[in-house]
Every structure is written in C-alpha cells, then in structure tokens.
J.: 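Could you have a look at this structure, given as structure tokens, before my questions?
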Amino acid sequence: MKIARFSTGGDPRFGIVDDDALVVLKGDPMFAGYEPTGERVPLSDATLLAPVIPRSKVVAVGKNYAEHAAEMGGTAPTTPLIFLKPNTSVIGPGDTIMLPPESNQVEFEGELAIVIGAVARRVRPEDFAQVVFGYTIANDVTARDIQKADGQWARAKGYDTFCPLGPVIETEFDFASAAIETRVDGVLKQSGNTSQLIHSIPDIIAFASNVWTLLPGDVILTGTPAGVGPFVDGQQVEIFIAGIGTLTNPAKNRGY
Ligand code: MG
C-alpha cells in the first residue's frame, strides 16, 4: 500500500494511492488507521508533500555499501556509522534543493529510507518489523567540500532542503532486493540494489535504537550506493527505487 501526504490547496491530508487517484483518509494513518472519508482525489489534482515530517530526527547511516565506501577512499566500517540530519532539512517531492553559497560541491546520495511507526528503544533485530511503518526514498544531500573541511558532518548534511523525502511511503516494501538508481537530468549516475546493504535493515534499527529512542515519524536513511557526484543550479535529481517510485527534486542556487 502506498501512502501519500498531499495538498489540494488547503491543509495537508493523507491518502492511499489507487491507480491514478488518492483514496482520502480521515487522518494520519500512522496514528489514526486507514478509515477513508469516501472522497477520491485524482493524482493530477494533488500536490504530493513530504510523506512524513520526522517528529524528532532523521538518522542516517554512512558508508553502508562497500563500493561507495571504496569511492570515498576507505573501507566500510564494521559497526554502523550513524549521524543525524535535522528535521528542518526535510523537503518533499518536487521541492527545490537550495544550494548554499558556502559550498562549491553539493552532491546527491540516493537512499532507501525507513519510516518509524512506533516508539522504538533498544529494539532487537528480530523485532524490527514492530516499529516500521513503511519505506520511502531519500536524497542524503551533502556539501562534500564542507564535509571534508569540517571533519564531521552536521553542517555538510544538515542544510535546509538537504533531505528530500518521498514521493510516497510503501508499507509492504520488500527490502531484500530492490533496484536503486539516481539520475541527474536523466543521466544515470548511481545503480545499486538494496541487497548490497552491508548492515541490514533489522540491524540498523537495532543499532540506532540502542543509542536514541526513535519516535513515530522518525526516518532512517540506510546509506547510498556507489556513484555519488555533484549537481548544480538548474539541474534535476531523480532517485528511483523499484517498488516505491521516483523522488524528483530540482536544484537552485541560494542567493544569500
Ligand atoms: Mg548518505
């Protein structure tokens, strides 16, 4: 089931994608279940929004595909390397990634994202499914020059608009093997598969929830395959994950 958060001009609403329409729900299904209002909205009349606004945090895993770790000049860490992106970095499908003037090298990182659906604290790997609401697509946008200059990642990965999410949440996604591809202006840049994840989804949830209590609506980015690279003003980044969809965002220079 694909869940969209959308607007037709008023307040955000939630719906289930059904062919080319949205079955409108009475509330946020993460908390209110799946009761329909009876209204159907054509997808062409809806603006899709970030499918979730993380309640407290976006957790991200670094270097979780071996070929990406190699292209960054190292090997993959044996324990998951986790960091945080602020929830103010989240934007939705179609929203503009604003390139800050402090960086000359902003790069895309196409990633599978886990959407947490229940309070999660020290979850055992075998219990991971109890705290997952679904899965979506993320772009872990990174100012690579700032990442290298700072030696830690809070600024380089935390700028406003540096966490596009969407277009929908798939609640029945099979993460064992799904193609993940990133294109810039239609040119293929990344082509990986979630089967190549070093640290698995259950292990990531266990590891992160041993550190931080995860709240419903929090999101975990699971790492990017090889092929990361820059994009610039006027270009468009598309991330495709089989079974979820395509997340597309244009980029624009921020004046100041
Ligand atoms: Mg990343």
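Ligands are counted one by one from 1 in listed order, and the atoms in each one are counted from 1 as well.
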J.: Do Thr213 and Arg121 meet the criterion of a side-chain donor-acceptor pair at a distance under 3.5 Å?
T.: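 Yes, a side-chain donor-acceptor pair sits under 3.5 Å.
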J.: Are the side chain of Ser191 and the backbone N or O of Glu181 linked by a donor-acceptor pair below 3.5 Å?
T.: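 Here the side-chain-to-backbone pair does not exist.
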J.: Before accepting this row, confirm whether a basic side-chain N of the pair Glu109/Lys189 lies closer than 4.0 Å to the acidic partner's carboxylate O.
T.: no
J.: Spell out the protein N/O/S atoms under 2.8 Å from the Mg ion (ligand 1) as residue plus atom name.
T.: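 Near the Mg ion (ligand 1), the protein supplies Glu109 OE1, Glu111 OE2, Asp140 OD2.
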J.: My understanding is that only residues two or more places apart in sequence, or in another chain, count here; which of them pass ring pair (Phe, Tyr, Trp, His ring centres under 6.0 Å) with Phe162?
T.: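 Residues passing ring pair (Phe, Tyr, Trp, His ring centres under 6.0 Å) with Phe162: Tyr159.
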J.: Under a 4.0 Å N-O cut-off, is there an ion pair linking Lys252 with Asp233?
T.: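 Salt bridge absent between Lys252 and Asp233.
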J.: Under a 3.5 Å distance rule, please check whether Glu111 uses its side chain to pair with a backbone N or O of Ala113 as donor and acceptor.
T.: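 Absent.
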